[in-house]
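Data block below; observations after.
Chain identifiers are assigned alphabetically (A, B, ...) following the order of the sequence lines, protein sequences preceding nucleic acid strands; residue numbering begins at 1 within each chain. Note that this is a predicted model, so its numbers are computed, not measured.
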Number of protein chains: 2
Amino acid sequence: MSVTIKDVAKLANVSISTVSRVINNSKPVSLEARKRVLDAIEQLGYKPNEVARSLVTRKSNLIGVIVTDIGNSYIAEMIRGIEEIGRMYKYDIVLSSSYGNPDTEKKFAQLLMSKQVEGIILVSENDKQSVIEEIKGLKIPFVYLNRYYDSQDMPTVTINNFEASQEMTKYLVNLGHRNILYVTSNEDNKASLERFKIDGYKKAISDVDKAEEFIYSVKGFKPEDGYKMGDKVMEIVKENNITAVFCCQDELAIGFINYCYDNGIKVPEDISVSGYGDTKMASIYRPRLTTVKEPYYDIGAVAIRRIIKNLKSEEKEKDHIYLPIRIMKRESCKKI
Amino acid sequence: MSVTIKDVAKLANVSISTVSRVINNSKPVSLEARKRVLDAIEQLGYKPNEVARSLVTRKSNLIGVIVTDIGNSYIAEMIRGIEEIGRMYKYDIVLSSSYGNPDTEKKFAQLLMSKQVEGIILVSENDKQSVIEEIKGLKIPFVYLNRYYDSQDMPTVTINNFEASQEMTKYLVNLGHRNILYVTSNEDNKASLERFKIDGYKKAISDVDKAEEFIYSVKGFKPEDGYKMGDKVMEIVKENNITAVFCCQDELAIGFINYCYDNGIKVPEDISVSGYGDTKMASIYRPRLTTVKEPYYDIGAVAIRRIIKNLKSEEKEKDHIYLPIRIMKRESCKKI
DNA sequence: TTGAAAGCGCTAACAG
DNA sequence: CTGTTAGCGCTTTCAA
């Protein structure tokens, strides 16, 4: 069997309490005893059993992370932030993928609870309030991350979508574009963040003479959806002399550029296209995608820092934390 | 505090042993008692404390996964496989990112041990034997996954790189290419899997009349590296009438195609380019990348299944498991 | 079929 | 400064 605190105590000729004390630096121990203990630990290769420790301290040093799908690069990026910062505070993360199913999200939350995780970060892509309620009921620190939907009075960390969208539109305007098509998705859902983005777009447009609003709504956020919308979008583009298409997500933008590529339409020569998110793809793809940088890594990092802070201080902070965005000026949008 | 087995026992008017028995179905319990217990559990919303359970059973139902960087899409894909299959067997995964540092890998292995993980999967990108030795010394089931380096007598799951490379080369030959440049990386390292891939390439070339070997070696595996090699590669291409470039990794291929894009060289019209891996990018990028599908999801899935099998049966299986590959015939390579 | 009791490995009073 | 002891919540003999 593996070596326990008892073995160390015996070898060092002290009681297990003393060993515990030196491991945790919880109480003064004579130099001499400490040395003997340390030697014994070294000699036996002793590692405290964290499970036993957790049982008594009720601290597992585990944070549960429930995500939709780690295959999404933006989620992977968030997890990087979560993991890296968590590590700094000696927290490990246990990962579960819900693949978007709210019931699975709930089930995982319960599962994680029974593993005694100290906090939960939920990266969701749906707007089911019931999941949030369930997790809130768990009475452990909790941060909710959702790229698509808004959740009232939830601890979360996001960007200011109104400003982000406005900024991007302004940038396009500065490039000389006047007829800019904003492609939105699921904007009918009241919880959708799209309403802020649309407002930001509208605001920017309304601030400019001779600029006109054009909004087109599609279903879905995937590259395929961006591809499929191609025909219709190009129709609108032609009818209205549109020179720039601002897509509400990078994936959509890339799908649309793929459509353009396949149909002999040159980006940005024939039309400028911008995205939103700055997923990994955006900078590797050609043409490099002009987009809004939503700082996924930082979002994850701040989320876990919040949880840890909460764990330490018991005091709740304000619910929303807004992180700054940046316009990534790349090749897919050109001056006209 | 949260409800414990005692509370359930009290409410159900039985001893805690009985409660334990019904939870675990470990011993017969009278129908009547069982019902009372079940009711009590229901009523109190009791969930067993897994930490306490682990302490006595020495089963944590946790598998430790150490990866280089979850930001690599192929690694994310492996993790998906690991997580999804692990879940089926009620295992949770705890994730650590080493960012390629061998010492960190070792440290995490120890950390995971103290959390009582039942097995470890290491997704590494270096060839440090010492890490493997360390983890082997932990005496828990362990699978080693490495896309770049070969590890003798390690439990692992891979593809047959010789065959994969041979297949791809054959495919290019069938497309009509005779002068095919194979771009390798780090081939000087004895542990590199490149030697198998190079051999596969050579074999395929030598099987064809009028086909000649061209091998170019670069440093690194990233898109940037693929980009940087562009000038030199195009020089070689021109000198030798090369019509196809077979890159040893997708990332390299994409970087190279980016170079081509930026320099007005059309792929596949001017030159065919193939990759290796079939990372997520390969099918989204334009032109869609012709490549070897290395089944990352399955690799992860099989890896954890091995661990679980091992846990159950104590018997060791053979060390290497080979998964089948596929040539993904897409747009970046054309017939000539 | 059931309950009492002994731990799993550790921390944290408490007494000295 | 140190040792003894009582648990943490649960599983598992052992007797009944």
- Query: Heavy atoms, side chains only, cut-off 4.5 Å: are A:V51 and B:R58 in contact?
  - Reply: no

- Query: Cation-pi between A:R80 and B:Y99: NZ/CZ under 6.0 Å from ring centre and within 45° of the ring axis?
  - Reply: no

- Name the closest nucleotide to the A:V29 side chain, picking from D:dT2, D:dC10, D:dC8. D:dT2

- Reckon B:S30 has a side-chain N or O less than 4.0 Å from the OP1 or OP2 of C:dT2? yes

- Query: Between atom CD in A:E32 and atom C1' in D:dC1, what is the gap in whole Å?
  - Reply: 12 Å

- Query: Which pair of heavy atoms, one from B:S60 and one from B:V117, lies closest together, and at what distance?
  - Reply: OG-CA, 3.6 Å

- Query: Looking only at atom types and distance, does a side-chain atom of A:D298 sit under 3.5 Å from a main-chain N or O of A:P295, one as donor and one as acceptor?
  - Reply: no

- Would you work out how much the helix from C:dT1-D:dA16 to C:dG16-D:dC1 bends between its ends, with each end axis defined by five base pairs, to 10 degrees? 40°

- Give the rounded distance in Å between these two atoms: CE of A:M113 and C1' of D:dG9. 15 Å

- Note on the structure: Ranking C:dC8, C:dG9, D:dC1 by distance to the side chain of A:K6, first place goes to C:dC8

- Note on the structure: Tightest non-hydrogen contact, residues B:T158 and B:T156, listed as CG2-OG1, 3.9 Å

- Query: Do the side-chain N or O atoms of B:S15 get closer than 4.0 angstrom to the phosphate oxygens (OP1, OP2) of C:dG3?
  - Reply: yes

- Task: Quick one: do A:Y91 and A:E118 satisfy side-chain contact (heavy atoms from CB on, under 4.5 Å)? Show the steps, please.
- Result: CA-CA 9 Å; A:Y91 278 91; A:E118 296 181 40; 2.9 Å; yes

- How close or far is atom P of C:dA12 from atom CG of A:N25, stated in whole angstroms? 13 Å

- Stepwise, does the side-chain contact (heavy atoms from CB on, under 4.5 Å) test hold for B:Y148 with B:S192? CA-CA 6 Å; B:Y148 302 109; B:S192 173; 5.9 Å; no

- Message: I need the CG-C1' distance between B:L55 and D:dC8, as an integer number of Å.
- Response: 9 Å

- Examine distances only and state if a side-chain atom of A:E83 and a backbone atom of A:I93 form a donor-acceptor pair shorter than 3.5 Å. no

- Atom CZ of B:R36 to atom P of C:dT1: distance rounded to whole Å? 14 Å

- Describe the nucleic acid contact of B:V14 in one word from base, sugar-phosphate, nothing, applying a heavy-atom distance below 4.0 Å. sugar-phosphate

- Item | Whole angstrom value for the distance that separates P of C:dA12 from NZ of A:K59 | 11 Å

- Whole-Å distance separating the NZ atom of B:K35 from the P atom of C:dT1: 18 Å

- Over how many whole Å does the gap from A:E50 atom CD to C:dC8 atom P extend? 19 Å

- cation_pi(A:R305, A:Y89) dist<6.0 Å, angle<=45: no

- Query: What string of B, S and - do you get for nucleotides 11-16 of chain D 5' to 3' if you count protein non-hydrogen atoms under 4.0 Å?
  - Reply: BBB---

